[in-house]
Amino acid sequence: MDWSLHARALADRVTRPASRWRDAVAETPRHLLVPRWWAPGPYDWTVQDGPADPERWMRAAYSDRTLMTQMGPLHADHADPGGSRRMG
């Protein structure tokens, strides 16, 4: 999986061509910073494991949205695979 294609596409979406941030966005391997995260569902949050689904990982890591990595004291990196936390 070529993460750099995703990073460049993100830079195209979120920076102006002359922005001093463009290269930083286009050249940072964001997926390495977020190997696991919590994704919201209708009633709970579920742990997502990036390496288990590389395509979803790339879409999430290089999207222009916030990824939840910690719920209260529980960081997604330390949660049980497929674990969930109730919303509300």
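Counting begins at 1 with the first residue of the sequence. These numbers were taken from a predicted model, which means no experiment stands behind them.
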Subject >> Contacts of Asp12 that satisfy side-chain hydrogen bond (donor to acceptor under 3.5 Å, both in side chains) - sequence neighbours left out >> reply: Arg22
Under 3.5 Å, side-chain donor or acceptor atoms of residues 63-70 against the rest of the protein: list the pairs with distances, not counting sequence neighbours.
| from | atom 1 | to | atom 2 | distance (Å) |
| --- | --- | --- | --- | --- |
| Ser63 | OG | Ala60 | O | 2.8 |
| Ser63 | OG | Arg65 | NE | 3.4 |
| Gln70 | NE2 | Gly72 | O | 2.8 |

**OP:** List the atom of Met71, the atom of Arg85, and the distance in Å for their closest heavy-atom pair.
**Re:** O-NH2, 3.9 Å
Would you mind writing out the side-chain donor-acceptor pairs for residues 28-42 within the sub-3.5 Å range, not counting sequence neighbours?
| from | atom 1 | to | atom 2 | distance (Å) |
| --- | --- | --- | --- | --- |
| Thr28 | OG1 | Ala24 | O | 2.5 |
| Arg30 | NE | Ala61 | O | 2.7 |
| Arg30 | NH2 | Ala61 | O | 3.4 |
| His31 | ND1 | Tyr62 | OH | 2.6 |
| Arg36 | NE | Asp49 | OD1 | 3.4 |
| Arg36 | NH1 | Ala76 | O | 3.2 |
| Arg36 | NH1 | Asp77 | O | 3.4 |
| Arg36 | NH1 | Ala79 | O | 3.0 |
| Arg36 | NH2 | Ala79 | O | 3.4 |

Original post:
Between CZ of Arg59 and CG of Asp53, what distance do you get to the nearest 0.5 Å?
Top reply: 6.5 Å
Subject >> For the student: nearest non-hydrogen atoms of Pro54 and Pro51, plus distance >> reply: CD-O, 3.7 Å
